[in-house]
**Q** 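Pasting in a structure now, in structure tokens, and then I'll have a few things to ask.
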Amino acid sequence: MVQLITPTPVSTIIAQLQENSERNFADARAMPPQVYTSPAFLEVEHTQLFRKQWLCVGRVSRLQKVGDYLTCDVAGQPVVVLRDNQNQIRAFSNVCLHRMSVLMQGSGNVRSIVCPYHAWGYTLEGQLRGAAQMDRQSGFCKSDYQLPSVRCEVWQGWVYVTLDADIEPLNQHLSELDALIAHYRMEDYVETFQEEHVWDTNWKILAENFMESYHLPMLHRATVGPHSRLDEMECPPGHAAFNYHWITKEASLAIGNAHPDNTHLKDHWRKTTALLTLYPSHLITLTLGYFWYLILQPRGVDKVHIRFGGGLSPEFINDPKADQYLSSLKSLLDEVNAEDRQGVEAVMRGVSSPLAKPGHLSHLERPNYDFARYLAQRVGAL
Ligand code: FES
Ligand SMILES: [Fe+2]
């Protein structure tokens with residue numbers, strides 16, 4: 001006879017997570033397995049995180065010209081972000097005001113927004129400007145139609161949106177991080193590639209993988225592992241909006257260190273990499289020569305959509321060997337990502353098993369502890 005497993009109530013999962021996150025760091029454990037597997041918990045994350053926080057959609061350099069646009073999904077709300085005729089970056093609901101079709105797909109450049117269903121057309125400012133065969137309807141008035149705005153701000157070259165009308169402005173939200181990483185001048189880094197992927201894991205398993213470098217010597221033993229010094233990693237306590245840790249890169253990886261033309265950085269800062277987790281789902285590796293990032297969106301409990309991109313610092317972009325640096329960086333990142341994918345998909349299979357049990361965290365997993373506390377606090381705010 002088949003035995004049905006009753007799902008753990010979401011209130012029990014939240015209580016377990018909170019109890020866990022109240023432990024001292026020295027006694028901290030990984031998060032309970034159900035936070036990765038429960039559809040009800042994911043629904044709470046949608047409500048409490050993805051519909052209420054600032055979410056990154058990519059680099060502002062993708063929106064250089066009037067009419068450049070990109071689309072994204074914010075917890076079930078299609079959003080289009082674009083550069084309007086006044087050269088302002090704006091975001092709108094990407095849903096037609098007629099019979100509610102999604103309007104734009106992917107990214108590109110347009111002179112206006114035209115619905116693919118019945119061709120209602122909108123300006124880049126979101127005003128309805130044309131609707132065929134509507135003039136016999138006396139109740140219809142074109143000027144009543146304006147696509148709802150979505151809050152949108154730019155920080156250090158990143159475009160963020162939020163569905164929350166009350167959250168503090170983005171630059172205020174991330175001001176403590178500005179103070180920590182100002183010397184990298186991240187806003188000047190040049191993006192050279194971006195891709196989208198879907199992996200078979202919970203979004204938090206991938207985020208947590210990114211926020212600790214404890215796994216580098218083992219999981220990445222065929223690539224970056226041998227260059228990683230666990231004893232040189234520093235994991236300070238996190239802040240309300242983000243966590244971070246510092247690692248050093250060996251001089252053998254030229255683009256991991258400051259370029260000779262970079263004269264504003266001294267001593268150990270010339271080889272220090274910042275690993276940043278901007279809650280909930282924007283992850284950045286910021287070295288002196290290159291950066292790469294992941295923007296995560298859950299697609300169910302066991303699938304994550306990834307926007308993956310990166311590029312070089314201005315000194316390396318201007319170096320005659322920039323193309324060479326870029327192709328070796330991209331091959332290295334592709335290999336490292338393949339290793340991470342194996343790692344995080346194996347964790348997903350593990351947390352889904354009946355005997356899975358969370359163990360103690362290392363001192364190198366301080367960011368994971370802070371992430372769990374952030375999560376507990378957000379999902380507890382019901
Ligand atoms: S749904 Fe957009 S024009 Fe009809
Ligand atoms: Fe990794």
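The analysis underlying the following values was restricted to heavy atoms, covering all of them including side chains, and did not include hydrogens, waters or symmetry mates. Whatever order the structure lists ligands and atoms in, that order sets their numbers, starting from 1.
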**Q** Distance-only, no hydrogens or angles: does the His239 side chain make a donor-acceptor pair with backbone N or O of Ala241 under 3.5 Å?
**A** no

**Q** Which count of protein N, O or S atoms is obtained for distances strictly below 2.8 Å from the Fe ion (ligand 2)?
**A** 4

**Q** What pairs of residues pass the side chain to side chain donor-acceptor pair (under 3.5 Å) test when at least one of them lies in residues 77-92, not counting sequence neighbours?
**A** Gln77-Ser93, Arg83-Asn87, Asp84-Arg90, Asn85-Glu125

**Q** Any side-chain donor paired with an acceptor under 3.5 Å for Glu365 and His363?
**A** no

**Q** Would Arg366 and Phe25 count as a cation-pi pair here, with the cationic atom under 6.0 angstrom from the ring centre and within 45° of the axis?
**A** yes

**Q** When you look for protein heavy atoms under 4.0 Å from ligand 1, which residues do they belong to?
**A** Cys96, His98, Arg99, Met100, Ser101, Cys115, Tyr117, His118, Ala119, Trp120

**Q** How about Tyr36 and Glu208: does a side-chain donor come under 3.5 Å of a side-chain acceptor?
**A** yes

**Q** Measuring from Thr273:OG1 to Met233:CE, what's the distance to the nearest 0.5 Å?
**A** 10.5 Å

**Q** Spell out, as yes or no, whether a donor-acceptor pair under 3.5 Å connects the side chain of Tyr189 to the backbone of Gly157.
**A** no

**Q** Do we see a donor-acceptor contact under 3.5 Å between the side chains of Trp155 and Asp178?
**A** yes

**Q** Please tabulate, for side-chain N and O atoms in residues 302-311, each donor-acceptor pair with protein atoms closer than 3.5 Å (sequence neighbours left out).
**A**
residue : atom : partner : partner atom : Å
Lys303  : NZ   : Asp200  : OD1          : 2.6
His305  : ND1  : Gln297  : OE1          : 3.4
His305  : NE2  : Glu196  : OE1          : 2.8
Arg307  : NH2  : Thr71   : O            : 2.6

